[in-house]
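Numbering of ligands and ligand atoms starts at 1, following listing order.
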Amino acid sequence: MKIAIVGGGFTGLSAAFYLSDKKHQVTIYEKEKYLGGLAATYKATGWEWSVERHYHHWFTNDNAALSLINKLGLSEKIIFPKTLTANYYNGQIYPFNSPLQLLAFSPLSFGNRVRTGLVTLALKLIPSSIGQTLESQKATDWIRRYFGEESYNNIWEPLLEGKFSRYKEEINMAWFWARIKKRTLRLGYLEGGYQTLVDALAHKLEKAGCTVFTGKSFENKYRKDFDRVIVTIPSFTFIRMFPQLPEKYKNRLLSVKHLHALNLLLITKERILDEVYWLNINEKGFPFLAVVAQTNMIGENHYGGNHLTWIANYLPSNHKYLKMTKEEIFDLYLPYLKKINPRLNSQFSILNSQLFFGPFAQPIFPLNYSKIKPKFTTPLPNIYIANMDMVYPWDRGTNYAIEMGEKVAKLIHQQVI
Ligand SMILES: Cc1cc2nc3c(=O)[nH]c(=O)nc-3n(C[C@H](O)[C@H](O)[C@H](O)COP(=O)(O)OP(=O)(O)OC[C@H]3O[C@@H](n4cnc5c(N)ncnc54)[C@H](O)[C@@H]3O)c2cc1C
């Protein structure tokens with residue numbers, strides 16, 4: 001069959017990998033000049049490795065991603081460095097990697113530290129069949145009830161606020177449960193960055209005879225040239241691409257709200273964070289939600305000895321930061337970075353910086369989302385959609401994009417055998 005795949009992110013690449021292996025004639029259309037989608041990378045002159053435009057790592061239980069890495073013969077390139085996570089609260093950095101460190105988190109009373117540890121453990125132990133049923137409850141209500149007000153105010157509320165801003169009250173508990181359930185202490189990364197996986201996939205696809213267009217959007221009129229089309233782009237763009245879709249269906253897809261990612265990558269001579277890889281900002285009033293130091297995960301040697309740190313945000317469409325220049329964003333963030341690390345007042349040399357925008361990067365999952373979750377099939381014959389609105393209740397990630405790409409590809413392949 002002749003199959004077009006719209007989007008060269010991990011969903012599209014994974015679907016293409018499966019379908020070309022089954023001898024279908026696959027064509028990928030990617031509108032950007034590069035593949036990888038939200039996990040695409042950036043490489044400055046003199047660097048040995050690329051780095052993701054937005055911070056990326058895998059968990060040790062990301063089986064779909066690990067299996068693909070294995071199939072492509074890249075297992076020896078995967079590394080699982082030890083990383084440190086911490087919370088910034090009331091002017092202090094609190095390590096947050098182990099039960100003992102939670103017991104030392106003085107912004108909570110001792111009783112609430114123990115309670116937070118026990119409830120987190122209970123969430124980890126809840127099996128998936130039960131965890132998914134929590135979607136009928138609001139995460140904020142559940143957390144308040146079981147973790148308690150103090151834990152909600154000092155730990156979880158700032159994190160939900162950072163990740164979902166004004167939508168935090170809409171998020172259902174199944175999403176929160178899945179987030180806790182899935183997280184592993186060790187994180188995975190590939191030598192060379194995610195680009196290593198993108199390159200290996202592109203190479204395999206080329207060898208299998210797949211046509212890959214980059215810098216080329218798919219257009220409605222190309223439909224007639226293909227037996228099937230798999231669309232992996234955000235629903236908002238899909239609807240504009242196929243205006244003939246029924247209004248009711250369009251409105252249903254559009255009812256899923258999203259936030260956009262805005263990440264400022266700072267390339268510096270000195271470290272911005274001393275040891276911590278991932279710093280959650282639990283203090284109210286900060287203009288960003290996390291600081292993520294790539295070079296505290298894998299060292300600076302592969303980046304010409306420079307330190308790489310993202311200042312992270314998720315923002316709604318009309319947010320004023322999305323209209324600001326890189327320089328304005330930097331000026332806004334700098335005083336807060338200096339609060340986190342006062343040493344930056346005297347010692348701070350930015351070598352380079354990049355501002356990366358990730359459109360529709362975080363769907364909002366309201367109560368009982370499983371009932372409105374879109375399906376792969378659409379009202380248009382032979383047109384399929386597979387995008388991150390369908391990754392649920394697990395937090396969207398390349399692992400699930402790879403899994404979903406394979407699922408939608410299998411569905412199509414099975415129709416013809
Ligand atoms: C800030 C941030 C941090 C993240 N952290 C992690 C992490 O730590 N670990 C992890 O595994 N995942 C992480 N993710 C999630 C991960 O990047 C995504 O889940 C995954 O890349 C989604 O892949 P996708 O192919 O479904 O979608 P996308 O990557 O969005 O791919 C869609 C592609 O379609 C293309 N496209 C759009 N319109 C058109 C058109 N008209 N014609 C042709 N092409 C078009 C786009 O350019 C894009 O390349 C993170 C994401 C963000 C934003």
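Phe288 has its side chain out of reach of Leu264: every pair of non-hydrogen atoms, C-beta onward, lies at least 4.5 Å apart.
Annotation: cation-pi geometry not satisfied between Arg223 and Phe242 (NZ/CZ under 6.0 angstrom from ring centroid, within 45° of ring axis).
Ion pairing between Lys339 and Glu283 fails under the 4.0 Å rule for side-chain N and carboxylate O. Look at Lys163 and Asp395 and you find a salt bridge, because one of the NZ, NE, NH1 or NH2 atoms lies within 4.0 Å of a carboxylate O, short of that distance.
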Measure and list all N/O to N/O distances between ligand 1 and the protein that fall under 3.5 angstrom.
{"unit_1": "ligand 1", "atom_1": "5 (N)", "unit_2": "Tyr55", "atom_2": "O", "d": "3.1"}
{"unit_1": "ligand 1", "atom_1": "8 (O)", "unit_2": "His57", "atom_2": "N", "d": "3.0"}
{"unit_1": "ligand 1", "atom_1": "8 (O)", "unit_2": "His57", "atom_2": "O", "d": "3.3"}
{"unit_1": "ligand 1", "atom_1": "9 (N)", "unit_2": "His57", "atom_2": "O", "d": "2.8"}
{"unit_1": "ligand 1", "atom_1": "11 (O)", "unit_2": "Thr398", "atom_2": "N", "d": "2.8"}
{"unit_1": "ligand 1", "atom_1": "11 (O)", "unit_2": "Thr398", "atom_2": "OG1", "d": "2.5"}
{"unit_1": "ligand 1", "atom_1": "12 (N)", "unit_2": "Thr398", "atom_2": "N", "d": "3.2"}
{"unit_1": "ligand 1", "atom_1": "14 (N)", "unit_2": "His56", "atom_2": "NE2", "d": "3.2"}
{"unit_1": "ligand 1", "atom_1": "17 (O)", "unit_2": "His56", "atom_2": "NE2", "d": "2.7"}
{"unit_1": "ligand 1", "atom_1": "19 (O)", "unit_2": "Gly397", "atom_2": "N", "d": "3.3"}
{"unit_1": "ligand 1", "atom_1": "25 (O)", "unit_2": "Phe10", "atom_2": "N", "d": "3.1"}
{"unit_1": "ligand 1", "atom_1": "25 (O)", "unit_2": "Thr11", "atom_2": "N", "d": "3.0"}
{"unit_1": "ligand 1", "atom_1": "25 (O)", "unit_2": "Thr11", "atom_2": "OG1", "d": "3.3"}
{"unit_1": "ligand 1", "atom_1": "26 (O)", "unit_2": "Thr11", "atom_2": "OG1", "d": "2.6"}
{"unit_1": "ligand 1", "atom_1": "29 (O)", "unit_2": "Leu38", "atom_2": "N", "d": "2.8"}
{"unit_1": "ligand 1", "atom_1": "42 (N)", "unit_2": "Phe218", "atom_2": "N", "d": "3.3"}
{"unit_1": "ligand 1", "atom_1": "44 (N)", "unit_2": "Tyr29", "atom_2": "O", "d": "3.4"}
{"unit_1": "ligand 1", "atom_1": "44 (N)", "unit_2": "Lys31", "atom_2": "N", "d": "3.2"}
{"unit_1": "ligand 1", "atom_1": "47 (O)", "unit_2": "Glu30", "atom_2": "OE2", "d": "2.7"}
{"unit_1": "ligand 1", "atom_1": "49 (O)", "unit_2": "Glu30", "atom_2": "OE1", "d": "2.5"}
{"unit_1": "ligand 1", "atom_1": "49 (O)", "unit_2": "Glu30", "atom_2": "OE2", "d": "3.3"}

Pair Glu52-Tyr189, side chain to side chain donor-acceptor pair (under 3.5 Å): steps then yes or no:
CA-CA 11 Å; Glu52 295 62 52; Tyr189 197 70; 2.7 Å; yes
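Screening residues 2-26 for ring pair (Phe, Tyr, Trp, His ring centres under 6.0 Å), with sequence neighbours left out, gives His24-His413.
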